[in-house]
**Q** 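Got a structure here, written out as structure tokens. Questions coming.
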Amino acid sequence: MEAAAVLDAFSAAPRHQLRPAAWWRSTRLASQACRATAPFARADWQTACAILASNSTGGGGGGHDASSSSNNNRQPAPRVNGQKPLPAPAPALEATPTPTPAELDLVPVSNLPRPLSISDLSPAPMHGSQLRVAYQGVPGAYSEAAAAKAYPGCDAIPCDQFEVAFQAVELWIADRAVLPVENSLGGSIHRNYDLLLRHRLHIVGEVQLPVHHCLLALPGVRRELLTRVISHPQALAQCELTLNAMGLNVAREAFDDTAGAAEHVAAGGLRDTAAIASARAAELYGLQVLADGIQDDADNVTRFVMLAREPIIPRTDRPFKTSIVFAHDTDGTSVLFKVLSAFAFRDISLTKIESRPHRHRPIRLVDDTNVGTAKHFEYMFYIDFQASMADVRAQNALAEIQEFTSFLRVLGSYPMDMTPWDAALSSSSRADDSSRQY
């Protein structure tokens with residue numbers, strides 16, 4: 001109200017009554033009143049500036065008659081920040097050229113901060129569009145295929161180590177991470193279980209990827225010329241029996257990842273070395289496939305987990321899985337029986353149990369005056385069970401477990417991967433395995 005009163009009084013005063021000093025004081029007073037009034041809309045502020053500028057046009061000297069005689073030659077209101085000028089009055093019979101309105105750039109619009117919108121506050125899309133997903137390996141790795149399956153259309157970010165993939169999400173370089181935790185043939189990837197406990201990321205989903213290994217070499221290379229085979233240790237273990245059946249009793253060396261091994265063979269021009277990797281890796285790095293489907297078991301599947309900075313809201317309208325880790329300082333492994341009883345009593349099925357050494361207390365000493373000092377290993381236990389944290393049974397089970405454990409942490413409650421298994425493809429793979437000739 002104060003700003004409006006100042007502007008009304010200022011615009012109503014004749015121009016000959018406002019000397020330059022008085023005009024400046026009135027202008028400053030009006031400007032201060034405009035700034036002090038809150039909230040004051042941007043449009044109102046621009047209108048006020050236009051009124052002040054229009055009243056200041058034409059100088060300060062002369063009487064009222066002079067002002068009246070020059071009324072037809074009044075300067076039009078200036079254009080504030082490029083806005084369109086106000087409509088001009090109807091021209092007189094003897095019209096004079098209309099003066100060009102002045103440009104009044106009070107505040108550069110381009111320099112004003114852009115207001116936040118709802119899109120700035122919304123989380124990243126869950127379907128994978130424009131989602132940055134970190135994975136361990138180089139292009140062509142199975143982890144890249146798992147990331148594409150988990151988040152179709154995502155921007156896959158390769159990382160040279162598992163630790164880097166965790167940090168990429170924590171430092172907001174990536175939105176998600178897709179990392180392997182177990183394989184149906186090779187077992188658990190213990191490194192990632194340790195990293196799950198070390199970092200504060202949450203499991204928000206899982207994806208199971210069938211693994212189809214190929215033996216890759218440079219174009220023109222024959223099996224008889226090979227002296228070594230390189231790949232990830234899990235891949236070497238998954239193809240050990242097949243390589244022996246092929247007669248490849250050569251040196252086998254571990255590499256960081258399968259696609260990295262293929263890239264190493266191609267970049268170094270190694271004609272005495274083959275790599276175990278995917279068919280996509282052969283296509284990316286220009287290698288030929290010496291043998292296709294060399295995994296020992298056709299049902300070779302790797303389970304990946306999807307990690308994010310924030311957990312998802314658990315639901316009960318679809319199958320969910322929950323992952324936890326716990327330990328006890330005094331009871332040691334005997335606490336495991338109590339935990340299993342808590343789940344069994346509530347008819348909750350477990351899908352995985354994994355133990356890892358307790359890094360902070362690897363050994364527990366028990367003193368007995370009769371037999372001496374006993375040394376026991378301390379373990380952290382990882383358990384996956386088929387229930388959502390929104391399920392009352394799961395809540396009660398964890399409440400009971402918390403009573404007799406010294407440490408309990410929920411790693412995530414997430415939807416299970418219910419992708420139907422391609423039975424036809426699996427059967428054909430078994431047929432190929434049985435009829436393979438080496």
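Only this structure's heavy atoms are used, side chains among them; waters, hydrogens and symmetry mates stay out.
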**Q** Looking at CD1 of I276 and OG1 of T258, how far apart are the two atoms once the value is rounded to the nearest 0.5 Å?
**A** 9.5 Å
**Q** Determine, for D155 against R132, whether the closest basic-nitrogen to carboxylate-oxygen distance falls under 4.0 angstrom.
**A** no
**Q** Do you know which two heavy atoms are closest between P219 and R271, and how far apart they sit?
**A** O-NH2, 3.3 Å
**Q** Under the side chain to side chain contact (heavy atoms under 4.5 Å, CB included) criterion, do L131 and R176 qualify, and how do the steps go?
**A** CA-CA 8 Å; L131 201 66; R176 300 286 190 275; 3.8 Å; yes
**Q** Say whether, by atom type as modelled, one donor and one acceptor occur between the side chain of R309 and the main chain of E170 under 3.5 angstrom.
**A** no
**Q** Without swapping roles, check the side chain of S388 against the backbone of A390 for a donor-acceptor pair under 3.5 Å.
**A** yes
**Q** Any side-chain heavy atom of S231 within less than 4.5 Å of one from F255?
**A** no
**Q** Run the side chain to side chain contact (heavy atoms under 4.5 Å, CB included) test on L226 and V221 for me, step by step, so that the C-alpha distance in whole Å, both residues' side-chain angles and the decisive distance to 0.1 Å come before the verdict.
**A** CA-CA 8 Å; L226 297 177; V221 173; 3.9 Å; yes
**Q** Within the distance-only criterion (no hydrogens, no angle test), does the side chain of S278 pair as donor or acceptor with the backbone N or O of G140 below 3.5 angstrom?
**A** yes
**Q** If we ignore hydrogens and angles and just use 3.5 Å, is the side chain of R228 paired with the main-chain N or O of T273 as donor and acceptor?
**A** no
**Q** For H264 and Y285, I'd like to know if the aromatic rings sit close, meaning centre-to-centre distance below 6.0 Å.
**A** no
**Q** Please determine, by modelled atom types, if N183 and Q234 share a side-chain donor-acceptor pair under 3.5 angstrom.
**A** no
**Q** Are any of the side-chain heavy atoms of Y151 and M306 separated by less than 4.5 Å?
**A** yes
**Q** What heavy-atom pair brings C159 and A165 nearest, and what distance separates the two atoms?
**A** SG-CA, 3.8 Å
**Q** Which of these, V204, L411, N192, L196, sits in a side chain to side chain contact (heavy atoms under 4.5 Å, CB included) with L307?
**A** L196
**Q** Can you establish whether the number of heavy atoms outside D317 located under 6.0 Å from its atom CG is more than 12?
**A** yes
**Q** What closest approach, in Å, do L209 and A146 show between heavy atoms, and which atom pair accounts for it?
**A** CD2-N, 4.0 Å
**Q** Please test N300 against H212 for side chain to side chain donor-acceptor pair (under 3.5 Å), starting from the C-alpha separation and ending with a verdict.
**A** CA-CA 7 Å; N300 184 10; H212 193 79; over 6 Å; no
**Q** Using a 4.5 Å cut-off on heavy atoms from C-beta on, say whether the side chain of T322 contacts that of D384.
**A** no
**Q** A side-chain contact here means heavy atoms from C-beta on lying under 4.5 Å apart; do Q395 and E400 qualify?
**A** no
**Q** What heavy-atom pair brings A291 and R223 nearest, and what distance separates the two atoms?
**A** CB-NH2, 4.1 Å
**Q** Any non-hydrogen side-chain atom of Y414 less than 4.5 Å from a side-chain atom of P311?
**A** no
**Q** So, taking the atom named CG in L215 and the one named CD1 in I294, what distance separates them when rounded to the nearest 0.5 Å?
**A** 5.0 Å
**Q** Quick check: Y382 with Y193 (ring centres under 6.0 Å apart)?
**A** yes
**Q** Start with the C-alpha distance between F320 and R315, add both sets of side-chain angles, then the distance that settles side chain to side chain contact (heavy atoms under 4.5 Å, CB included), and finish with yes or no.
**A** CA-CA 7 Å; F320 258 64; R315 298 159 52 181; 4.1 Å; yes
**Q** Examine distances only and state if a side-chain atom of E144 and a backbone atom of P139 form a donor-acceptor pair shorter than 3.5 Å.
**A** no
**Q** For atom CD1 of I313, is the number of surrounding heavy atoms from other residues, nucleotides or ligands below 6.0 Å larger than 12?
**A** no
**Q** Quick one: are V133 and D175 in side-chain contact, heavy atoms under 4.5 Å?
**A** no
**Q** Using a 3.5 Å distance criterion without hydrogens, assess whether the side chain of K338 forms a donor-acceptor pair with backbone atoms of T405.
**A** no
**Q** Quick one: OG1 on T302 to CG on L179, what's the gap to the nearest 0.5 Å?
**A** 12.5 Å
**Q** If you apply the rule side chain to side chain contact (heavy atoms under 4.5 Å, CB included), what do you find for R252 with L243, and how did you get there?
**A** CA-CA 10 Å; R252 298 164 192 177; L243 292 178; 3.6 Å; yes
**Q** Measuring from L398:CG to I348:CD1, what's the distance to the nearest 0.5 Å?
**A** 7.5 Å
**Q** Output yes when a side-chain donor or acceptor of S184 lies under 3.5 Å from a complementary backbone atom of V301, and no otherwise.
**A** yes
**Q** Could you tell me which non-hydrogen atom of I312 sits nearest to which non-hydrogen atom of P415, and how far apart they are?
**A** CD1-CD, 3.6 Å
**Q** In the structure I gave you, are the side-chain heavy atoms of Y135 and I157 within less than 4.5 Å of one another anywhere?
**A** no
**Q** Any carboxylate oxygen within less than 4.0 angstrom of a Lys/Arg side-chain nitrogen, looking at E354 and K352?
**A** yes
**Q** When you measure from the side chain of Q295 to the backbone of H213, do you find a donor-acceptor pair of N or O atoms at a distance under 3.5 Å?
**A** yes
**Q** State whether the number of non-hydrogen atoms from other residues, nucleotides or ligands found under 6.0 Å of F407 atom CZ is greater than 12.
**A** yes
**Q** Are L236 and I230 close enough that some pair of their side-chain heavy atoms sits under 4.5 Å apart?
**A** no
**Q** Give the minimum heavy-atom separation between Q288 and G220, together with the two atoms involved.
**A** NE2-N, 3.2 Å
**Q** Return the CD1 to CZ distance between I401 and F326, rounded to the nearest 0.5 Å.
**A** 6.5 Å
**Q** Which distance, rounded to the nearest 0.5 Å, do you find between the CG of L270 and the CG of L218?
**A** 7.0 Å
**Q** How about E253: does its CD atom have over 12 heavy atoms from other parts shown lying under 6.0 Å from it?
**A** yes
**Q** Identify the residue among D257, D160, V164 that makes a side chain to side chain contact (heavy atoms under 4.5 Å, CB included) with Q136.
**A** D257
**Q** For residues H202 and E310, is any side-chain donor paired with an opposing acceptor at under 3.5 Å?
**A** no
**Q** Between R393 and D347, is a salt bridge (charged side-chain N to carboxylate O under 4.0 Å, His left out) present by the stated rule, with each step listed?
**A** CA-CA 9 Å; R393 297 178 306 154; D347 196 22; 5.1 Å; no
**Q** Ignoring hydrogens and geometry, is there a side-chain-to-backbone donor-acceptor pair from D417 to Q208 under 3.5 Å?
**A** yes
**Q** Return yes if some donor-acceptor pair links the side-chain N/O of R303 with the main-chain N/O of P180 below 3.5 Å, else return no.
**A** no
